[in-house]
K.L.:
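The structure that follows is given in the form of structure tokens.
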Protein chains: 2
Amino acid sequence: MNPPGGRTPVMADVARLAGVSHQTVSRVINGHPNVRQETVLRVQRAIDELGYHRNSTARALVTRRTNVLGVLAFDTTLFGPAQTLAGIERAAREAGYFLSMVSLDDVSPAGVVAAADFLIQQSVEGCIAIAPQRGLVDALASLPGPLPLVAVEGGEGSGLPVVCVDQVQGAEEAVRHLLALGHHTVHHIEGDPLWLESEARAFGWRRALEEAGAPVPEPLQGDWSPRSGYDLGRALVGRRAAGERVTAIFVGNDQMAIGVLRALHEAGLGVPGDVSVVGFDDIPEAEYLTPSLSTVYQDFAQVGRESLALLLGEIGAGRTGSADPAGAGRRVVPAELRQRGSSGPPPP
Amino acid sequence: MNPPGGRTPVMADVARLAGVSHQTVSRVINGHPNVRQETVLRVQRAIDELGYHRNSTARALVTRRTNVLGVLAFDTTLFGPAQTLAGIERAAREAGYFLSMVSLDDVSPAGVVAAADFLIQQSVEGCIAIAPQRGLVDALASLPGPLPLVAVEGGEGSGLPVVCVDQVQGAEEAVRHLLALGHHTVHHIEGDPLWLESEARAFGWRRALEEAGAPVPEPLQGDWSPRSGYDLGRALVGRRAAGERVTAIFVGNDQMAIGVLRALHEAGLGVPGDVSVVGFDDIPEAEYLTPSLSTVYQDFAQVGRESLALLLGEIGAGRTGSADPAGAGRRVVPAELRQRGSSGPPPP
DNA sequence: GACAACATTGTTAGCGTTAACATACGAGGC
DNA sequence: GCCTCGTATGTTAACGCTAACAATGTTGTC
């Protein structure tokens with residue numbers, strides 16, 4: 001089944017075997033209409049016999065389209081980014097695009113530029129950046145060149161098209177839920193202060209408190225890790241021991257919430273009897289913690305789909321040369337509160 | 001800074017601006033020695049001025065090397081695969097390779113072939129498959145064509161080069177640890193039975209029990225999810241109520257272990273007072289659960305590095321035409337027991 | 001039966017790069 | 001001064017594909 005010489009077969013080999021010109025082979029492969037049915041079959045038989053695969057490199061060279069999209073991410077082992085990546089991957093595959101991935105080790109502008117260069121070198125047609133940090137988004141926005149780009153969780157004001165979960169709304173719902181249960185206020189443990197999600201959730205928390213006329217206690221700054229949740233949970237236990245009324249905690253993500261639960265348990269405090277806890281993310285474990293964790297669900301698959309759609313729109317607009325008429329798009333995916341066992345009324 | 005006509009600049013544009021031939025530009029870009037220092041500078045200035053980037057497609061066409069590696073994965077949102085992927089990505093980038101990713105929606109042979117075709121279409125030079133399932137490995141092993149391939153967690157006997165964590169040893173250490181604490185036997189909740197890791201851990205568990213002369217209770221089959229851990233935890237509680245001596249449980253992964261902890265807690269059983277629990281994976285949350293979870297750590301970053309090294313070796317061997325003299329490689333990364341609060345001596 | 005319209009195929013010319021060969025020039029040995 | 005050698009550059013021909021055009025047949029219309 002090999003072409004003369006043992007090389008991997010090329011179009012000309014198929015053409016020779018099928019007794020047609022290489023252009024006819026190309027037509028068959030690309031599903032061009034005006035080819036006789038019998039010829040199509042003959043060519044396909046030849047393709048199968050030789051085990052021919054079209055050389056995508058040569059095709060890309062002449063069509064000027066690589067069919068490759070880039071994904072630039074910061075930490076794909078975290079729950080949110082991993083889910084988003086999976087969503088993008090699936091959407092891209094369904095749209096017939098290949099996906100090339102590059103991770104950032106740090107968010108310095110130099111690192112971002114290097115990563116973007118890496119993708120540009122590879123002639124990606126566009127790029128989705130899972131860009132949860134302020135500095136990263138700014139570095140992206142200032143990239144030279146006409147690379148179509150979409151930022152996931154990119155915040156506002158960067159001028160980039162953005163897809164994000166409505167973090168503010170999610171946080172507000174969580175806080176309102178706790179206030180509605182009768183808590184006089186809600187404490188907050190923030191995620192990594194460099195992350196935009198962290199900022200947005202803190203903003204929603206603050207706004208919900210202010211709207212309800214509740215006091216706004218000083219928030220604590222974590223780094224998303226269970227360890228920081230534990231440490232800051234202990235800090236809150238200390239404040240409570242010092243007389244502060246700490247009966248409800250809105251934690252920036254579920255991993256930190258696990259650390260908080262641990263700290264409360266060590267201090268002999270019941271959840272939700274003494275203190276209520278609400279997290280963010282709805283990791284699969286949340287429902288099976290003890291107690292099960294109230295949290296805010298984000299539809300990452302939807303984020304992935306939306307960001308791909310936005311990127312494809314941009315690529316299309318760039319190809320037709322038309323400027324984006326609606327300006328940089330911004331699509332917001334709603335978040336959804338999941339009430340579970342870790343939130344209840346305050347102690348009397 | 002634009003080339004005539006507003007096209008993206010090509011080598012000839014740079015050559016014209018620098019007053020040299022395009023081949024000299026190529027020499028400068030590729031760091032060829034015999035170019036006068038002054039010429040190098042002139043060319044580099046022209047490159048900067050035009051914002052020129054080499055067209056990787058054209059280069060790949062003529063060199064027959066794409067510098068792209070494929071990663072084929074099943075579910076990259078799970079902890080292990082996500083970590084492994086991150087490790088591979090970093091190693092690939094350091095080696096100057098691009099990474100193209102494709103996920104499998106199902107592990108049917110047809111799905112595997114489609115995914116592999118997708119990568120072959122893209123002219124990847126080789127492929128790493130994060131292939132935790134028996135059927136997937138078999139489908140991979142039977143792929144036609146000379147694509148260099150490495151399987152991560154691919155089990156034995158497939159004929160493919162494999163990198164894996166020593167699941168058996170990890171499981172044995174976990175079980176021996178529990179037996180050493182005085183438990184008369186150890187129960188086991190398996191992961192998804194289709195996964196090789198599941199099989200290997202169950203094998204290690206059984207072997208450790210048999211070596212110690214301990215009875216081997218019927219294992220329970222889960223699916224890695226917290227929910228299945230919870231359900232099977234309740235089942236074990238039931239067996240215990242029926243008189244069976246259940247004092248130690250080795251759980252196939254940490255997520256299921258969380259469900260087990262929940263089930264034990266609901267039944268009023270103390271951990272480790274009444275029942276000891278050991279998981280597998282060492283997810284970041286493990287240390288901060290209540291109680292902190294004893295588990296088995298796997299160095300996924302190392303797995304990523306090793307698999308990339310193995311693949312590059314294969315690619316090199318293929319290029320030089322030399323058959324792999326050592327046969328399909330197999331590299332095993334040791335696992336490591338992490339003793340924490342969820343394992344202790346049995347009740348008297 | 002002549003002409004138009006269409007369906008089917010073939011021929012040619014790139015896409016932007018690198019490899020191979022060709023050329024020009026200066027330095028050094030006899 | 002002639003030849004050799006090494007360095008620096010230019011010229012030409014691929015790589016495997018698609019787009020554009022050209023060249024056939026094949027039908028239908030009047």
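Below, read A as the first sequence line, B as the second, and so on, with proteins coming before strands; counting in each chain starts at 1.
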K.L.:
Taking CE from A/Met11 and C1' from D/dC15, how many angstroms apart are they, rounded to a whole number?
P.N.:
14 Å

K.L.:
Should B/Arg54 be listed as having a side-chain N or O under 4.0 Å from OP1 or OP2 of C/dT18?
P.N.:
yes

K.L.:
Over how many whole Å does the gap from A/Leu50 atom CG to D/dG16 atom C1' extend?
P.N.:
15 Å

K.L.:
A/Arg36 has an atom CZ; how far is it from atom C1' of D/dG25, in whole Å?
P.N.:
10 Å

K.L.:
Choosing from D/dA19, D/dT7, C/dG16, which nucleotide comes nearest the side chain of A/Arg64?
P.N.:
C/dG16

K.L.:
Rounded to the Å, how far apart are B/His53 NE2 and C/dT17 P?
P.N.:
12 Å

K.L.:
From the set C/dT9, C/dT12, D/dG16, return the single nucleotide nearest to any side-chain atom of A/Val62.
P.N.:
D/dG16

K.L.:
Taking NE2 from B/His22 and P from C/dA19, how many angstroms apart are they, rounded to a whole number?
P.N.:
13 Å

K.L.:
Within the structure, does a side-chain N or O atom of B/Ser26 lie under 4.0 Å from either OP1 or OP2 of C/dT18?
P.N.:
yes

K.L.:
From CG of A/Leu61 over to C1' of D/dT18, roughly how many Å is that when rounded to an integer?
P.N.:
10 Å

K.L.:
Any carboxylate oxygen within less than 4.0 angstrom of a Lys/Arg side-chain nitrogen, looking at B/Arg45 and B/Glu49?
P.N.:
no

K.L.:
A/Thr57 near the nucleic acid: base, sugar-phosphate alone, or nothing, with a heavy-atom cut-off under 4.0 Å?
P.N.:
nothing

K.L.:
Expressed in angstrom and rounded to an integer, what is the separation of A/Asn67 atom CG from D/dT18 atom C1'?
P.N.:
14 Å

K.L.:
Would you mind telling me which of C/dG10, C/dG16, D/dT9 lies closest to the side-chain atoms of A/Ser21?
P.N.:
C/dG10

K.L.:
Once you round it to whole Å, what is the distance between P of D/dA19 and NE2 of A/His32?
P.N.:
9 Å

K.L.:
Looking for any heavy atom pair under 4.0 Å, which part of the strands does B/Asn55 touch: base, sugar-phosphate only, or nothing?
P.N.:
sugar-phosphate

K.L.:
Test side-chain contact (heavy atoms from CB on, under 4.5 Å) on A/Ile130 and A/Asp75; report intermediate values, then the result.
P.N.:
CA-CA 9 Å; A/Ile130 303 180; A/Asp75 183 349; over 6 Å; no

K.L.:
Can you find a side-chain donor-acceptor pair between A/Ser123 and B/Ser56 that sits under 3.5 Å?
P.N.:
yes

K.L.:
Looking only at side-chain N and O atoms, does A/Asn55 offer a donor or acceptor that is under 3.5 Å from a partner on B/Arg64?
P.N.:
no

K.L.:
Does B/Arg134 reach the side chain of B/Trp195, with side-chain heavy atoms less than 4.5 Å apart?
P.N.:
no

K.L.:
On the nucleotide C/dT17, are OP1 or OP2 found under 4.0 Å from the side-chain N or O atoms that B/Ser56 carries?
P.N.:
no

K.L.:
With a 4.0 Å cutoff (strictly under), does any side-chain N or O of A/Tyr52 reach OP1 or OP2 of D/dG16?
P.N.:
no

K.L.:
Can you see if the side chain of A/Asn30 gets near the phosphate of D/dT18 - specifically, an N or O under 4.0 Å from OP1 or OP2?
P.N.:
yes

K.L.:
Please tell me if A/Arg59 has a side-chain N or O lying less than 4.0 Å from either OP1 or OP2 of D/dG16.
P.N.:
no

K.L.:
Among C/dT17, C/dT9, D/dA8, which nucleotide has an atom closest to any side-chain atom of B/Asn34?
P.N.:
D/dA8

K.L.:
Does OP1 or OP2 of C/dT9 have a side-chain N or O of A/Thr24 closer than 4.0 Å?
P.N.:
no

K.L.:
Judged by each residue's nearest nucleotide on DNA chain D, which is more toward the 5′ side, A/Ala58 or B/Arg27?
P.N.:
B/Arg27

K.L.:
Walk me through it: do A/Thr57 and B/Thr66 pass the test side-chain contact (heavy atoms from CB on, under 4.5 Å)?
P.N.:
CA-CA 8 Å; A/Thr57 307; B/Thr66 53; 3.9 Å; yes

